[in-house]
Amino acid sequence: MAPARRHAGDRARPPCGGFHRRNDRPLCRLGASAGLQLVRTQARDSMNYFKLLLDRIKAELESLQAAGALPSGLDFKAVSLDPPKDPRHGDVATNAAMVLAGPAKMKPRDIATALAARLTGYDDTDAAEVAGPGFINLRLKPSFWTARLSEALRAGDAYGHSDVGNAKGPVNVEYVSANPTGPMHVGHARGAVFGDALASLLEFTGHDVTREYYINDAGAQVDVLARSAYMRYREALGDSIGEIPSGLYPGEYLRDVGEGLVELYKNRFHNAPESEWLQPFREFAIAEMMGEIRDDLELLGVRHGVFTSERALVKEGKVDVALGDLRAKGLVYQGVLDPPKGKEPEDWEPREQMLFRATQFGDDTDRPVQKSDGSWTYFATDIAYHADKVRRGFRTLIDVWGADHGGYVKRVEAAVRAVSGGKAELDVKLCQLVKLMERGEPVKMSKRAGTFVTLKDVVDRVGKDVVRFIMLTRRNDAQLDFDFAVVTEESRENPVFYVQYAHARCHSVMRNAAKETSGIDISPESLAQAELSRLTHPDELALMRAIASWPRSVEAAAEAHEPHRIAFWLRELAATFHTLWNRGKEEEALRFLVDADPTLTRARLALVRACALGLSVGLKIIGVTPVEELR
RNA sequence: GCGCCCGUAGCUCAGUGGAUUAGAGCACUGGCCUCCGAAGCCAGGGGUCGCAGGUUCGAGUCCUGCCGGGCGCGCCA
């Protein structure tokens with residue numbers, strides 16, 4: 001298995017392609033963040049209706065205090081508002097009475113009754129019922145939901161956008177970071193999509209995000225790459241090289257590199273010793289591989305803003321500096337590790353080496369930072385790399401890795417704590433395996449047999465949008481089956497299709513409206529003025545609720561660093577819409593376009609428009625192009 | 001052996017800082033197209049949330065142990 005260390009990818013033939021030739025500029029920054037072209041809005045109130053109602057509840061609690069019905073000096077922090085599991089319990093439920101009962105030295109039900117009485121007084125509230133041990137279940141009137149609908153329409157493409165991330169400082173999302181030794185495979189695609197979607201999600205919630213790729217161009221593997229390229233170089237010069245020796249990369253993809261080397265150097269290194277060609281060949285091959293990786297990432301619509309070269313990091317002495325700092329703090333020392341517990345390797349010998357005190361920061365054992373030849377270990381450069389991120393001002397670091405690097409998490413987390421003095425936090429997101437399937441049968445992959453499925457193969461076959469969506473239909477830490485048959489199917493089983501279909505249907509309605517019903521302005525701004533009180537059917541309300549849940553869902557997904565929630569939310573909204581659509585087939589009065597009643601039609605178009613808006617905003621965050629027509 | 005992740009309906013999986021009677025899709029059964037896109041929708045059955053303890057007024061959710069699966073485990077990246 002290729003030692004691809006992290007997953008994910010991104011691309012575009014480098015405007016900053018010269019990173020490994022110009023050591024003076026290891027970092028290239030392309031300002032543009034890919035994906036969303038979001039309207040930057042002024043500080044805006046959150047449209048999260050849970051927050052809105054929570055504020056209301058806290059205000060009423062204060063009124064109760066002012067009235068002497070509740071002791072003063074209570075902390076309302078634990079008061080929360082959530083959707084009840086059972087819809088029959090109303091629209092939202094608060095635990096206020098229960099969490100305050102203790103501190104207030106009152107019975108939960110007494111607090112609940114008093115609070116409920118006040119909450120009933122609002123125009124948009126139908127009922128506030130005390131239930132169970134002291135919950136207050138709120139039932140909201142349609143006017144509450146139409147107000148949310150109107151907000152959504154007025155917000156347009158910025159619906160759900162918020163500033164909650166502003167306060168958290170710059171965030172660095174490092175993803176893909178595939179080794180520049182060969183083409184990317186499906187596993188990389190998952191990391192690429194995950195990282196990119198997460199970055200977009202964070203941007204959408206007001207975070208200052210940098211998308212970063214770490215180029216692992218300093219290890220022994222890139223020497224292997226250079227030697228492999230040398231074989232292909234000789235091959236291109238007409239030598240009969242036979243089978244690629246084991247230990248080198250046999251891939252056909254290096255033939256182009258060999259030819260490129262001939263073009264560049266002619267036969268200059270044909271019979272030269274390795275010491276002469278290793279470095280130039282390495283640089284050339286790495287540049288070529290990174291070019292391919294960037295091209296592949298471009299296919300997926302993934303673009304990083306910053307590429308950091310490991311080799312440059314070392315050359316600039318950043319590792320020496322970082323380790324020197326740690327040494328000065330007494331966090332690096334010469335020592336001998338205990339053998340791994342339980343299973344002792346046969347060739348185990350106690351060995352004195354330079355160690356980082358990872359145990360002081362939550363790791364299980366201290367970790368070596370220097371090899372016996374005096375060069376730094378991979379971990380040492382990683383310490384320096386993360387120290388550099390901290391130095392650049394990031395306080396939240398997110399690394400997206402393949403699950404096979406799980407054993408590495410603790411030590412890097414420890415390193416980040418150590419180099420930042422606890423000021424920065426690292427969240428490592430591990431992406432589990434992707435299993436390629438064909439109608440339920442695993443697709444066999446073997447690099448040797450040439451049945452290796454690359455990222456490009458997959459994207460070429462099913463398209464960028466399908467790959468992106470499917471990669472987010474499972475949590476990152478769960479294995480994912482990617483079935484070629486299913487993901488190209490046009491049925492409910494295929495979530496990409498299902499969501500796109502809902503979006504297309506919305507636009508179909510609007511197209512018909514523009515065509516058949518003259519004089520209706522279907523722009524969101526105009527529809528926000530529609531007489532939304534005409535929307536009263538339970539399924540219409542259900543759709544309004546689904547749309548209204550967006551701001552809270554985005555915030556929660558961003559906070560949890562879980563972009564898959566966006567994909568789930570989209571399916572939910574699509575399902576709610578399909579239900580309402582079909583209601584119109586059963587009952588003609590529920591169709592969206594009612595010729596005899598333009599006012600009603602306008603209100604329903606507002607609902608459809610907002611639904612399309614929700615679907616498209618969500619799709620854009622995960623990098624899927626919303627389509628207005630399927631065919 | 002140690003560490004991390006996972007274990008929810010026959011299958012694949014959600015479950016939002018613990019809270020009122022645990023959800024969806026698939027599969028299975030039965031319905032819905034002279035009608036805005038039936039590529040869709042509706043209805044029905046189906047679960048000791050791996051097991052055992054613990055914390056709590058309350059645990060799928062937090063803690064401990066065990067069982068099962070995945071990944072990793074000193075100068076590889």
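Computed from a prediction, not measured in an experiment: that's the story for all the values here. Protein chains get the first letters and strands the later ones, always in sequence-line order, with residue 1 at the start of each.
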Inset, instruction - Locate the shortest heavy-atom distance separating Leu605(A) from Ile522(A); write the atom from each residue and the value. - result: CD1-CG2, 4.0 Å
Quick one: does [X] reach the base of [N] with a side-chain donor-acceptor pair under 3.5 Å?
| X | N | value |
| --- | --- | --- |
| Arg351(A) | G74(B) | yes |
| Asn137(A) | U20(B) | yes |
| Arg474(A) | U12(B) | no |

Just checking [X]: base, sugar-phosphate only, or nothing, at a heavy-atom cut-off of under 4.0 Å?
| X | value |
| --- | --- |
| Arg591(A) | base |
| Met98(A) | base |
| Ala556(A) | sugar-phosphate |
| Pro83(A) | base |
| Ser508(A) | base |
| Leu630(A) | base |
| Ala560(A) | nothing |
| Pro84(A) | base |
| Glu559(A) | nothing |
| Gln370(A) | nothing |

Between [M] and [N] - [atom1] atom distance, rounded Å:
| N | M | atom1 | value |
| --- | --- | --- | --- |
| G46(B) | U29(B) | C1' | 13 Å |
| G60(B) | G45(B) | P | 23 Å |
| C13(B) | G17(B) | P | 23 Å |
| C26(B) | G44(B) | C1' | 16 Å |
| A9(B) | G65(B) | C1' | 28 Å |
| A59(B) | U20(B) | P | 10 Å |

Has [X] got a side-chain N or O lying under 4.0 Å from the OP1 or OP2 atom of [N]?
| X | N | value |
| --- | --- | --- |
| Arg475(A) | G15(B) | yes |
| Thr365(A) | G74(B) | no |
| His564(A) | G15(B) | yes |
| Tyr498(A) | C41(B) | yes |
| Arg411(A) | C73(B) | no |
| Ser372(A) | C75(B) | no |
| Lys585(A) | A38(B) | yes |

If you check every side-chain atom of [X], which of [options] has the closest atom?
| X | options | value |
| --- | --- | --- |
| Gln479(A) | A14(B), G70(B), U16(B) | G70(B) |
| Lys371(A) | G40(B), A77(B), A14(B) | A77(B) |
| Ala93(A) | U20(B), G15(B), G37(B) | U20(B) |
| Tyr501(A) | U20(B), A77(B), A38(B) | A38(B) |
| Arg565(A) | G15(B), G40(B), A14(B) | G15(B) |

Inset, instruction - Could you tell me whether Arg327(A) and Asp320(A) make a salt bridge, using a distance below 4.0 angstrom between a side-chain N and a carboxylate O? - result: no
Inset, instruction - Salt-bridge test for Asp477(A) and Arg475(A): reply yes if a basic N is under 4.0 Å from a carboxylate O, no otherwise. - result: yes
Using whole Å, what does the distance between atom [atom2] of nucleotide [N] and atom [atom1] of [X] come to?
| X | N | atom1 | atom2 | result |
| --- | --- | --- | --- | --- |
| Asn582(A) | G31(B) | CG | P | 18 Å |
| Phe497(A) | G37(B) | CZ | P | 14 Å |
| Asp366(A) | C2(B) | CG | C1' | 16 Å |

Legend entry - Dot-bracket pairing map - RNA chain B, Watson-Crick plus G-U, both contacts under 3.5 Å, | cross-strand: (((((((..((((.........)))).(((((.......))))).....(((((.......))))))))))))....
Inset, instruction - Take the angle between the ring planes of Phe577(A) and Phe592(A) and call it parallel below 30°, perpendicular above 60°, tilted in between. - result: parallel
Inset, instruction - Measure the distance between the ring centre of Trp581(A) and the centre of the six-membered base ring of C36(B), then answer whether it is under 5.5 Å with planes under 30°. - result: no
Inset, instruction - Give a yes/no verdict on base stacking between U20(B) and His89(A): centres under 5.5 Å, planes within less than 30° of parallel. - result: yes
Inset, instruction - Could you pick out which residue, Ala574(A) or Gly219(A), lies toward the 5' side of RNA chain B when each is mapped onto its nearest nucleotide? - result: Ala574(A)
Legend entry - Test applied, side-chain contact (heavy atoms from CB on, under 4.5 Å); reference residue, Leu580(A); option that passes from Leu590(A), Leu607(A), Val608(A): Leu607(A)
